[in-house]
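One structure is given here, and the rest of the page talks about it.
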Amino acid sequence: MNKVVIFAFLLLLLNQCTSTSKKFNVEKDNCRSMYGFFTKSQDCLELKFESIDPKNYGEYQDLHSLILKAIADRVYENKLNNDQAWVIYEDVIKDFNKAKNKNQYLITVLDKYS
């Protein structure tokens, strides 16, 4: 019985450590399923990004919004298709979560897609 309780506690602890990333992936998938098109989901993605961790991600909201617009502009210009836009965005968020200097990372991404 004690082993089951300890195992459950460890699973809960491990889940808490990765919950921000997982939570955003779920929220992103919700935006994608609701709107389908990347260009239509920008507002949803902006709200979800900030709501994941307002204390830590709030300062990056403006850069995040500009990146969303830059990727959407590439779709409008037929430089990317919808699926490519979603893949790029997923990669941006994944790398953002890993970045040590998150602000500089977002500036670099913005420069790349603007």
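What you see below is based on every heavy atom in this structure, not just the backbone, and it leaves out hydrogens, waters and symmetry mates.
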**Request:** Provide the full list of salt bridge (charged side-chain N to carboxylate O under 4.0 Å, His left out) pairs with a residue in residues 58-74, sequence neighbours left out, each pair given once.
**Result:** K69-D73
**Message:** For D83, give me all partners under side chain to side chain donor-acceptor pair (under 3.5 Å), at least two apart in sequence or on another chain.
**Reply:** R32
**Asked** Tell me, which pairs form a salt bridge (charged side-chain N to carboxylate O under 4.0 Å, His left out) where one or both residues lie in residues 96-110, sequence neighbours left out?
**Response** none
**Request:** Ignoring hydrogens and angles, tell me if any N or O in the side chain of Q61 forms a donor-acceptor pair with the backbone of E46 under 3.5 Å.
**Result:** yes
**Prompt:** Aromatic rings Y57 and F96: how do their planes relate, parallel, tilted or perpendicular, breaks at 30° and 60°?
**Reply:** perpendicular
**Asked** Of all heavy-atom pairs between V75 and A85, which one has the smallest distance, and what is that distance?
**Response** CG2-CB, 3.6 Å
Please list every donor-acceptor pair under 3.5 Å in which a side-chain atom of residues 104-114 meets a protein atom from a residue at least two apart or in another chain.
residue: Y105; atom: OH; partner: V92; partner atom: O; Å: 3.3
residue: T108; atom: OG1; partner: Q104; partner atom: O; Å: 2.9
residue: S114; atom: OG; partner: L110; partner atom: O; Å: 2.7

Output side-chain donor-acceptor pairs under 3.5 Å for residues 33-43, partner residues at least two apart or in another chain, one line each.
residue: S33; atom: OG; partner: D29; partner atom: O; Å: 3.3
residue: S33; atom: OG; partner: N30; partner atom: O; Å: 3.0
residue: S41; atom: OG; partner: F38; partner atom: O; Å: 2.9
residue: Q42; atom: NE2; partner: T39; partner atom: O; Å: 3.3

**Prompt:** Members other than V87 in its cluster, when Ile, Leu, Val, Met, Phe, Trp, Tyr link by side-chain heavy atoms under 4.5 Å?
**Reply:** none
**Request:** Work out which heavy atom in C31 is nearest to a heavy atom in L45; give both atom names and the distance.
**Result:** SG-N, 3.7 Å
